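Report on the following structure.
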Protein chains: 2
Amino acid sequence: MSAQTRTEGTDRRRELLSIAAELFADKGFKNTTVRDIADAAGILSGSLYHHFDSKESMVDEILSSFQAELFAAYDEVLRSDDDARTKIERAVRLSFEAIDRRRHEVAIFQNEADFLGQQERFAYLAERNAESRAVWITLLDDGVRSGALRADLDIELTYRFIRDTVWVAVRWYRPGGKLSHTAVADQYLTILLDGIAHA
Amino acid sequence: MSAQTRTEGTDRRRELLSIAAELFADKGFKNTTVRDIADAAGILSGSLYHHFDSKESMVDEILSSFQAELFAAYDEVLRSDDDARTKIERAVRLSFEAIDRRRHEVAIFQNEADFLGQQERFAYLAERNAESRAVWITLLDDGVRSGALRADLDIELTYRFIRDTVWVAVRWYRPGGKLSHTAVADQYLTILLDGIAHA
DNA sequence: GTCTATAACGCGATAGAC
DNA sequence: GTCTATCGCGTTATAGAC
């Protein structure tokens with residue numbers, strides 16, 4: 001019975017975090033009140049503090065667990081023995097998959113990371129950012145060296161282009177809509193790799 | 001003297017709006033207090049209300065004047081008799097020029113339009129958005145019809161790709177940095193038109 | 001685990017003196 | 001055009017009953 005209680009407590013926690021994540025993503029962190037979260041959960045604001053220290057610790061838990069998951073996926077691509085172009089394709093697809101499956105978390109990270117990152121508590125956001133940049137620069141360098149990518153690319157600018165392009169899609173992509181995340185990834189990779197001009 | 005007073009009043013207004021715009025862009029509208037703005041201007045918060053009705057009317061004035069300027073530029077491109085590809089290139093360059101010259105305004109629009117647009121007062125933001133989409137869809141349709149662009153493009157998705165790609169650069173572009181806005185536009189157009197893959 | 005009640009504080013905005 | 005002083009409200013968070 002104590003095991004069940006522990007499990008239900010964890011489930012409730014996750015449920016509350018999921019509700020909070022949706023609100024943070026839609027209205028912004030600062031713009032979402034603890035009363036908003038409590039209302040959406042069908043409880044009163046004071047009751048939230050039985051589960052969490054503060055509103056800040058809620059967004060902290062949301063972001064850090066998402067980041068851990070995302071970077072495990074990056075690591076798997078990096079460690080694989082695919083060729084350079086395939087790795088790039090996989091890394092792009094991985095992003096759209098994250099947008100599909102964790103869109104609230106992606107949106108919160110996109111919208112709030114810069115501001116939250118100024119606080120010491122959220123310093124890991126900037127660290128993960130640097131880590132992600134390192135992954136992409138490696139992939140792009142390998143791509144140019146192997147001849148898969150054009151030699152005249154500005155690698156830093158190309159990295160920013162890809163990073164911005166894939167993640168900003170979280171603003172309009174909706175799971176269950178007309179386009180699957182794999183279809184969007186296909187189109188984006190086509191444009192990214194071969195351009196929109198007539199060959 | 002009354003003319004000079006009027007002019008100075010206008011200048012002071014513009015100066016205060018410029019200070020507010022920087023703060024809104026950096027910290028977000030909701031996250032910026034009237035005391036922040038007053039502090040940065042070297043006055044007390046109450047004094048701001050001699051110039052403006054409310055914090056909301058400040059961001060309103062910032063966004064509406066920027067939008068008017070931007071869409072005048074779009075109109076000029078549309079009305080020109082350049083060919084389809086040139087018009088697309090000009091529209092892209094125009095965006096990077098706006099990021100260079102009005103980055104705070106662009107950032108505020110990117111970050112806050114969705115949220116502010118829900119209020120009736122800011123309904124024009126959604127209207128301008130629809131207008132901008134119409135411009136781009138026209139340009140892309142013309143591009144495909146004239147053979148300048150690939151025929152297999154998903155026009156709607158391509159529009160979103162371009163829109164997101166050009167505007168999101170406001171997150172990292174800094175005027176006076178290593179890259180001029182024209183150099184960034186050159187690189188982005190190269191990738192957009194011809195892709196990153198080795199030909 | 002949730003509710004009642006409230007403390008402590010920061011916020012946008014106002015009124016009137018200078 | 002700015003300052004002093006303050007109001008009224010919404011917000012995060014706490015303490016203790018149930």
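Hydrogens, waters and symmetry mates play no part in the numbers below; they use all other heavy atoms, side chains included. Values in this document were obtained by computation on a predicted structure and should not be read as measured data. Convention: sequence-line order gives letters A, B, ...; per-chain numbering from 1.
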d([atom1], [X]; [atom2], [N]) in whole Å:
X	N	atom1	atom2	answer
B:Asp36	C:dC11	CG	P	7 Å
A:Asp39	C:dC3	CG	P	11 Å
B:Phe29	C:dC11	CZ	P	14 Å
B:Asn31	C:dC11	CG	C1'	12 Å
A:Ile37	C:dT2	CD1	P	14 Å
B:Glu15	D:dG1	CD	P	12 Å
B:Leu48	D:dC3	CG	P	10 Å

Does a side-chain N or O of [X] approach OP1 or OP2 of [N] to a distance below 4.0 Å, or not?
X	N	answer
B:Ser47	D:dG1	no
A:His50	C:dG1	yes
B:Arg35	C:dA13	no
B:His51	D:dT2	yes
A:Tyr49	D:dA13	yes

Report which part of the nucleic acid A:Ser57 touches: base, sugar-phosphate, or nothing (heavy-atom distance under 4.0 Å, all strands).
-> nothing
Using the six-membered ring of [Y], assess whether NZ or CZ of [X] lies under 6.0 Å from its centre and within 45 degrees of the ring axis.
X	Y	value
B:Arg160	A:Trp172	yes
B:Arg103	B:Tyr173	no
A:Arg163	A:Phe161	no
A:Lys55	A:Phe29	yes

Out of D:dC3, D:dT12, C:dA13, which has the shortest distance to the side chain of B:Leu44?
-> D:dC3
Among the nucleotides C:dC3, C:dG12, D:dT12, whichever has the atom closest to the side chain of A:Ile43 is C:dC3
For A:Lys30 and for A:Ser45, locate the closest nucleotide of DNA chain C by heavy-atom distance; then report the residue assigned to the nucleotide nearer the 5' terminus.
-> A:Ser45
Are A:Glu97 and A:Arg101 within salt-bridge range, i.e. N to O under 4.0 Å?
-> yes
